[in-house]
Amino acid sequence: MSADAFSRRVLAWWRDNGRKDLPWQHQPTPYRVWVSEIMLQQTQVATVIPYFERFMAQFPNVRMLASAPLDDVLRHWSGLGYYARARNLHKAAQRIVAQHAGDVPDDLDALCALPGIGRSTAGAILSLACGQAQPILDGNVKRVLCRYYGVEGWAGTNAVLRQLWRLAERHTPEREAGSYTQAMMDLGATLCTRAQPACGQCPLAADCVARRTGRQRELPTPRPRRELPEREAWFLLLRDAEGRLLLEHRPPSGLWGGLWSFPEVSSRVEADAWLERAAGAGGVWQELEAFTHTFSHFRLRIHPLLADTETLVASGVKDGPQVWYKPGLSPPGGIAAPVAQLAHALQVQSKSDSQE
DNA sequence: AAGTCGGGGGA
DNA sequence: TCCCCAGACTT
């Protein structure tokens, strides 16, 4: 099938069946499309929608985002994960103000030069918000192309990636590129799904290699998996007389970079030493139930230890900025999901205690 | 080319 | 439980 016929079929399908009411499709300005694209990296639409609404209400334009403290940006990102996305978004906004007069660039190279924006995200911004005929290659498009052409091999390797980009370029139409971009994402998200694709409704089914050979389940080739290593961490929950919890500011990069978290040590022995320094021989940890938090590349076994500062003779903590945080109130910045979870659990517990 | 970066949702 | 999701960056 010609490239032209391919895009025509996809566009015709989209006109009747595509999604046209997502929040970022209203007033699809470069800024709104940019923010949505960053949030949608490795994150599903349903999860993103409430975050997008809150984020746009707080940071309605590039300048508001650029002038906001990073803590505010991370606070609105709390729970979304991949916090480097938020740090890059903030940094890029400041660069856009400094170097592009506050306007999101409408040029592929200028966009790709900004932190957090790669070729696919730049293509999405240019096609969806600027009407330019630029291809994208997100997970949806990869899946559709791998199945349609029967592309073998994991899309994480350079060879496969080059091939997929070539195909994506070939099919992107000069006209209606924005609708085509949205159409391909909708096709991948609603019909050409990972499990049980709805080939019966697909406009490309007649010529699809995976469909003809019954290999929908095997394509695209999954990433090679290895067993996740497990690490352990002891979260030190220091609680004062008012029920507030001590939080520390984490280093600006790395895991949960720039977020606020409980003091953390890597063994029970260290935790005991930490408490002895803080409270002398009188301090006692109360062990809360351990739980596992799973990341993309390892599992973290979290052992929460609780101590009330009434038993402490000295703070015993000194590294980096610290704050006392009252669960239920607005946190000082970004909070990782398990930290929020624990804080919430203690808030609920103290409430039920006070009712007895 | 491989490793780093979160969290959640679907099957 | 396992897999992956509107990826990009660092090494």
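The sequence lines fix the lettering, A, B, ..., with proteins before strands; numbering per chain opens at 1.
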Side-chain donor/acceptor contact of A:R226 with base of B:dA2 under 3.5 Å: no
- Remember a base hit wins even if backbone is also touched, and classify A:Q341 as base, sugar-phosphate or nothing at under 4.0 Å, heavy atoms. nothing
From CZ of A:R299 across to C1' of C:dC3 the rounded distance in Å is 14 Å
Checking C:dA8, B:dA1, C:dC4 against the side chain of A:N158 (C-beta onward), the nearest is B:dA1
Donor on one side chain, acceptor on other, A:T43 and A:R85, under 3.5 Å: yes
Touch check for A:V45, heavy atoms < 4.0 angstrom, all strands: base, sugar-phosphate only, or nothing? base
_Students often get this wrong, so: under 4.0 angstrom with heavy atoms, is A:S296 touching a base, only sugar-phosphate, or nothing?_
base
(message) Regarding A:L114, tell me which of base, sugar-phosphate or nothing describes its non-hydrogen contacts under 4.0 Å with the strands shown.
(response) sugar-phosphate
ask   = Touch check for A:A337, heavy atoms < 4.0 angstrom, all strands: base, sugar-phosphate only, or nothing?
value = sugar-phosphate
When rounded to whole Å, the CG to P distance for the pair A:L40 and B:dG9 reads 14 Å
Answer yes or no: does a side-chain N or O of A:H297 lie under 4.0 Å from OP1 or OP2 of B:dT4? no
For this session: For A:G188, report the nucleic acid contact type (base, sugar-phosphate, nothing); a contact means any heavy atom under 4.0 Å.
Result: nothing
Between CZ of A:R231 and C1' of B:dG6 the distance, given in whole Å, is 13 Å
So what does A:G156 hit on the nucleic acid, given a heavy-atom distance under 4.0 Å: a base, only sugar-phosphate, or nothing?
nothing
message: Base of B:dG9, side chain of A:Q44 - is there a donor-acceptor contact under 3.5 Å?
response: no
Quiz item: cation-pi between A:K142 and A:W165, 6.0 Å / 45°: no
The answer to which of A:R143 and A:T121 contacts DNA chain C further toward the 5' end, by nearest nucleotide, is A:R143
Determine whether the side chains of A:T121 and A:Q41 contain a donor N or O and an acceptor N or O closer than 3.5 Å.
yes
For ring pair (Phe, Tyr, Trp, His ring centres under 6.0 Å), just list the numbers for A:H76 and A:F59, CA-CA rounded to whole Å, side-chain angles, deciding distance to a tenth of an Å, and then say yes or no.
-> CA-CA 10 Å; A:H76 284 78; A:F59 313 109; 5.2 Å; yes
Ranking C:dA6, B:dG7, B:dG6 by distance to the side chain of A:P338, first place goes to B:dG7
Taking atom types as they are modelled, is there a donor-acceptor pair under 3.5 Å from the base of B:dG10 to the side chain of A:T193? no
Between C:dT11 and B:dG6 - P atom distance, rounded Å: 15 Å
Per atom distances to the A:R225 side chain, the nearest of C:dA6, C:dC4, B:dG8 is C:dC4
(Q) Is it true that, when you exclude A:R175 itself, more than 12 heavy atoms of the residues, nucleotides or ligands shown sit nearer than 6.0 Å to its CZ? (A) no
Cut-off 3.5 Å, no hydrogens considered: what does the side-chain donor-acceptor table look like for residues 95-113 of chain A, sequence neighbours left out?
residue: A:D107; atom: OD2; partner: A:D109; partner atom: N; Å: 3.2
residue: A:D107; atom: OD2; partner: A:A110; partner atom: N; Å: 2.8

- Which part of the nucleic acid does A:A336 contact within heavy-atom distance under 4.0 Å: base, sugar-phosphate only, or nothing? sugar-phosphate
DNA chain B nearest-nucleotide lookup for A:Y51 and A:R162: closer to the 5′ end is A:R162
Query raised in the report: Quick one: is C:dC9 close enough that its OP1 or OP2 comes under 4.0 Å of any side-chain N or O from A:Y82?
Result: no
In whole angstroms, the gap separating P of B:dC5 from CZ of A:R223 amounts to 14 Å
Ranking C:dC3, C:dA6, B:dG8 by distance to the side chain of A:E37, first place goes to C:dA6
Whole-Å distance, A:F291 CZ to B:dG8 P, equals 12 Å
- [ ] For nucleotides B:dG3 and C:dA6, find the distance between their C1' atoms and express it as a whole number of Å.
- [x] 23 Å
Looking at A:D71 and A:R75, is there a salt bridge between them, counting it only when a charged N and a carboxylate O are closer than 4.0 Å? no
Parallel, tilted or perpendicular: which one describes the rings of A:F298 and A:F295, with boundaries at 30° and 60°? parallel
Base, sugar-phosphate or nothing for A:L80? Non-hydrogen atoms, less than 4.0 Å. base
- Query: Roughly how far apart, to the nearest Å, are C:dA8 and B:dG9 at atom P?
  - Reply: 23 Å
Judged by nearest nucleotide, the residue sitting upstream toward the 5' end of DNA chain B, A:T157 or A:Q41, is A:T157
Between CZ of A:R85 and P of B:dT4 the distance, given in whole Å, is 19 Å
Atom CZ of A:F295 and atom C1' of B:dG8 are separated, to the nearest Å, by 13 Å
Within the structure, does a side-chain N or O atom of A:H293 lie under 4.0 Å from either OP1 or OP2 of B:dG6?
no
Does the side chain of A:W77 get closer than 4.0 angstrom to OP1 or OP2 of B:dG6 through an N or O atom? no
Atom CD of A:Q42 and atom C1' of B:dG8 are separated, to the nearest Å, by 12 Å
